[in-house]
**Q** 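The structure is given below, and queries will be raised subsequently.
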Amino acid sequence: MKKLFFGAFCAAAMLLTGCKGDDIPVEVAGNTATVCGTAITFPDGWSITSGDALYEELASMSGVTADEFEEIKSAEGITYFVQATAQDNSAIAVISAQDITPADGEEPISFADHARTTHDSMIFEYLASGYRTGDDSSFSEVEYGGKSGYLSHFEVFTKSEEPEFCLGFSEFSFQQDELIYTVQMCYFDRQLKQEAQSVIDSIT
């Protein structure tokens, strides 16, 4: 099920607050991760991974080495900071950042359009892969921890006469300068929906 999440995870463009590249500080203390001054608290019992171990974990889902994965994502302007998982791997959270400075000759894209396109693209990826989404899909402008941004949410089900739940996904993104920061939350047990939302609610 992690690979199912990874498809949407890689389709998303992700980021967090006014630091750039290797200068972005990451601190993990207890069940709270602080990235460039933004704190996200995870439920008790969750494991938190960062640094080289994080890239090794992400690479294991992509079929390339950790160095290759980091190089590919770096070329895309994306940096991953933290991954947190529930004890039984029934939920995963990822914190990341992306520089959306347009390349020479490219038209800049607004944060609003970027966030909306990311939401629509992730849903399309699942629909094109033979799944369907639930009735609670949403995209809205919100504020968490004093940061204004966008919240994307949807759930994925099998496309059958009796649809089975596959996963739920929530993503909060906000912008500072040319960076977009993202907190992504994916749960594979529908009973964990509120616990997953609590991760985003915890942002300060």
Side-chain angles (χ1 to χ4, degrees), residues 2 5-6 8-58 61 70 73 77-100 111 114-115 118-119 122 138-154 167-177 179-189 191-204:
K2 266 192 178 184
F5 162 59
F6 195 70
F9 172 76
C10 285
M14 321 173 182
L15 311 191
L16 272 195
T17 60
C19 309
K20 286 209 172 189
D22 296 334
D23 296 330
I24 298 177
V26 179
E27 179 182 351
V28 177
N31 61 336
T32 297
T34 302
V35 179
C36 196
T38 297
I40 301 96
T41 300
F42 301 100
D44 291 339
W46 284 41
S47 61
I48 301 176
T49 307
S50 61
D52 291 343
L54 169 58
Y55 276 92
E56 289 174 3
E57 172 66 17
L58 296 176
M61 294 186 280
E70 185 171 4
K73 294 306 171 182
I78 299 174
T79 302
Y80 297 107
F81 304 115
V82 173
Q83 175 177 282
T85 56
Q87 287 181 319
D88 57 357
N89 291 320
S90 56
I92 304 172
V94 176
I95 304 169
S96 62
Q98 184 178 19
D99 188 336
I100 61 168
F111 172 39
H114 176 87
T118 298
H119 170 81
M122 286 190 291
S138 63
F139 177 82
S140 57
E141 191 168 0
V142 296
E143 181 177 307
Y144 289 100
K147 298 169 179 62
S148 297
Y150 295 92
L151 180 66
S152 166
H153 174 75
F154 58 87
L167 63 83
F169 182 88
S170 293
E171 173 185 281
F172 173 60
S173 58
F174 63 93
Q175 181 181 27
Q176 182 168 316
D177 301 322
L179 290 179
I180 296 173
Y181 293 89
T182 300
V183 179
Q184 292 188 327
M185 186 67 244
C186 188
Y187 53 95
F188 307 112
D189 181 343
Q191 300 301 315
L192 292 178
K193 182 176 181 178
Q194 294 305 315
E195 184 171 316
Q197 181 61 39
S198 75
V199 173
I200 295 177
D201 289 338
S202 78
I203 296 173
T204 58

**Q** Once rounded to the nearest 0.5 Å, what's the spacing between atom CZ of F42 and atom OG of S202?
**A**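 Here the interatomic distance stands at 7.0 Å.
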**Q** Quick one: CZ on F172 to NZ on K147, what's the gap to the nearest 0.5 Å?
**A** 8.0 Å
**Q** About how many Å separate OH of Y150 and CZ of F174, when rounded to the nearest 0.5 Å?
**A**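 The CZ atom of F174 sits 14.0 Å away from the OH atom of Y150.
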**Q** Using the side chain to side chain donor-acceptor pair (under 3.5 Å) rule, pick out the option among T32, N31, T204 that qualifies with T41.
**A**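 The residue from T32, N31, T204 that satisfies side chain to side chain donor-acceptor pair (under 3.5 Å) with T41 turns out to be T32.
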**Q** Nearest 0.5 angstrom please: F139 CZ to F154 CZ, how far?
**A** 12.5 Å
**Q** Quick one: side-chain hydrogen bond (donor to acceptor under 3.5 Å, both in side chains) partners of S170, sequence neighbours excluded?
**A** H153
**Q** I need the minimum non-hydrogen distance between S96 and Y80, along with the two atoms involved.
**A** CB-CD2, 3.4 Å
**Q** Quick check: closest heavy atoms across Q87 and G45, and the distance to 0.1 Å?
**A** CG-O, 3.0 Å
**Q** Less than 4.5 Å apart, side chain to side chain, heavy atoms only: is that true for E171 and M122?
**A**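 Yes, close enough: below the 4.5 Å cut-off.
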**Q** Any chance you could measure M185, atom CE, to I40, atom CD1, to the nearest 0.5 Å?
**A**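 With rounding to 0.5 Å, CE (M185) is 12.5 Å from CD1 (I40).
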**Q** Which donor-acceptor pairs under 3.5 Å do side chains of residues 192-200 form with protein atoms, sequence neighbours excluded?
**A**
residue, atom, partner, partner atom, Å
K193, NZ, D136, OD2, 2.9
E195, OE2, W46, NE1, 3.0
Q197, NE2, Y144, OH, 3.2
Q197, NE2, D201, OD1, 3.2
S198, OG, E195, O, 2.5

**Q** Which atom names give the shortest non-hydrogen contact between F81 and S50, and what distance separates them?
**A** O-CB, 3.2 Å
**Q** Report the distance from atom CG of D189 to atom CG of D88, rounding to the nearest 0.5 Å.
**A** 7.5 Å
